[in-house]
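Below you'll find the structure, written out as structure tokens, and then a few comments.
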Amino acid sequence: MQATSGRSARPERPLSPHIQIYYPLINMVMSIVHRITGAALYIGSLLLAWWLIAAATGPDYYNYVVSWFATWPGKLILLGYTWALMHHMLGGIRHLIWDTGLGFDLKTIDILSWGSLAGSLVLTVLIWFCALNLGGI
Amino acid sequence: MVLMRTPLKIARQLGSAKEGTDHFWKQRVTAVANVFLGLFLVWLIASLVGADYTTVKLKLSNPLIALALLGLIVSGTLHMRLGMQAIIEDYVHSEGLKIAALMLNTFFAVFIALASIFSILKLSFGA
């Protein structure tokens with residue numbers, strides 16, 4: 001009997017089909033976006049830490065850091081951060097609902113998935129409108 | 001079907017990784033906490049847009065605000081470490097690289113947590 005240990009002895013097997021062969025459905029796209037926004041928020045935690053460090057350092061450094069956030073690229077990043085946070089939050093709530101075993105019929109899946117996308121956009125606009133025009137929420 | 005697991009193994013419910021549902025459950029508990037603490041952060045930052053340094057310092061050193069911020073940092077960094085761990089385990093297949101990435105992931109989360117906690121405490125207790 002031939003020994004089959006070691007990588008070289010492993011036969012070439014066909015791989016199972018991956019995501020590129022599937023038609024993109026909204027729940028699948030929102031699931032992927034949930035992971036992407038999670039990774040973005042992970043990197044974005046540096047911004048929160050930077051802001052807190054700046055506040056703890058003193059007025060000069062704080063104003064310097066805030067002046068970076070106030071530039072157009074800075075605002076764009078913060079806008080993206082807001083949307084990522086809202087989308088990840090609503091997506092997370094959707095997953096918590098699914099964790100209970102509820103909402104798995106096709107219609108509810110579509111409603112929850114589209115809802116998290118629409119809700120994240122509405123909340124982002126609302127947050128920025130309140131922050132810029134009303135001086136806070 | 002012959003059951004290969006011992007009664008003790010079944011009773012412990014820890015599986016082959018010896019962790020059971022630990023990762024899953026911590027991810028959920030911090031997720032629920034983050035819903036509330038994340039909305040608090042949004043409110044806090046929105047209320048401080050355009051505020052001068054004195055106002056920011058005063059607000060961040062308020063005990064209730066500092067407590068909520070500390071809660072957010074602890075819950076948030078635990079959550080993001082678990083999430084990135086899942087991403088690494090899904091996409092990094094080389095064993096050495098995976099272990100290095102998982103270790104870096106922990107270091108990053110701990111760095112964010114310590115730097116933020118230190119800053120919040122300094123704002124609350126520092127001169």
Side-chain angles (χ1 to χ4, degrees), chain A residues 34-66 69-70 75 78 81-96 98-100 123-124 126-137, chain B residues 24-25 27-28 30-32 34-54 56-61 66 69 72-73 76-77 79-84 86-88 90-91 105 108-109 111-126:
Chain A
H34 187 73
R35 175 162 280 196
I36 294 171
T37 52
L41 292 167
Y42 183 91
I43 308 292
S45 67
L46 276 170
L47 292 178
L48 177 61
W50 192 31
W51 181 66
L52 289 170
I53 290 166
T57 304
D60 292 341
Y61 190 62
Y62 182 79
N63 290 331
Y64 167 75
V65 169
V66 168
F69 290 145
K75 278 180 188 160
L78 289 180
Y81 195 4
T82 312
W83 175 74
L85 189 67
M86 290 301 107
H87 190 279
H88 199 77
M89 180 184 81
L90 292 177
I93 292 171
R94 187 180 73 236
H95 280 289
L96 288 170
W98 280 340
D99 282 345
T100 66
L123 284 175
T124 304
L126 203 67
I127 288 163
W128 276 66
F129 179 81
C130 290
L132 295 177
N133 293 300
L134 309 175
I137 296 169
Chain B
F24 176 94
W25 185 243
Q27 190 78 325
R28 265 55 182 189
T30 52
V32 172
N34 286 346
V35 171
F36 299 101
L37 297 167
L39 288 174
F40 154 78
L41 177 72
V42 168
W43 164 79
L44 178 71
I45 301 217
S47 71
L48 288 174
V49 170
D52 62 8
Y53 179 73
T54 321
V56 173
K57 192 174 181 278
L58 198 69
K59 194 147 196 172
L60 292 184
S61 56
L69 262 180
L72 171 73
I73 295 301
T77 49
H79 186 83
M80 74 183 204
R81 177 174 167 269
L82 291 172
M84 189 52 78
I87 293 178
I88 292 167
D90 277 358
Y91 303 133
N105 178 38
F108 181 79
F111 166 74
I112 294 289
L114 290 182
S116 303
I117 289 169
F118 178 81
S119 301
I120 297 163
L121 293 181
K122 184 166 184 265
L123 282 158
S124 290
F125 301 125

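In the text below, chain A, chain B and the rest are named by the order of the sequence lines, each starting its count at 1.
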Tell me, do [X] and [Y] make a side-chain contact under 4.5 Å, heavy atoms counted?
| X | Y | answer |
| --- | --- | --- |
| A:M89 | B:L39 | yes |
| B:F24 | A:D99 | yes |
| B:V42 | A:M86 | yes |
| B:R28 | A:L96 | yes |

[X] versus chain A, heavy atoms under 4.5 Å apart: side chain, backbone, both or neither?
| X | result |
| --- | --- |
| B:L121 | neither |
| B:V35 | both |
| B:I120 | side chain |
| B:I117 | neither |
| B:A113 | neither |

Pairs of donor and acceptor atoms involving the side chains of residues 41-55 of chain A, under 3.5 Å and at least two apart or interchain, shall be tabulated with distances.
residue	atom	partner	partner atom	Å
A:Y42	OH	B:N105	OD1	2.6
A:S45	OG	A:Y42	O	2.6
A:W50	NE1	A:Y61	OH	2.8
A:W51	NE1	A:Y62	OH	3.1

*Report the option among A:G38, A:G92, A:A56, A:A70 that has the most heavy-atom pairs separated by less than 4.5 Å from atoms of chain B.*
A:A56
_Shortest non-hydrogen contact between A:R35 and B:D90, atoms and distance_ = NH1-OD2, 2.8 Å
*Which atom pair, heavy atoms only, marks the closest approach of A:G58 to B:Y53?*
CA-OH, 3.5 Å
*By a 4.5 Å heavy-atom criterion (distance strictly below it), what part of A:H88 contacts chain B: side chain, backbone, both, or neither?*
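For A:H88, side-chain heavy atoms alone lie under 4.5 Å from chain B.
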*Is the number of heavy atoms from other residues, nucleotides or ligands under 6.0 Å of A:F69 CZ greater than 12?*
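More than 12 within 6.0 Å, yes.
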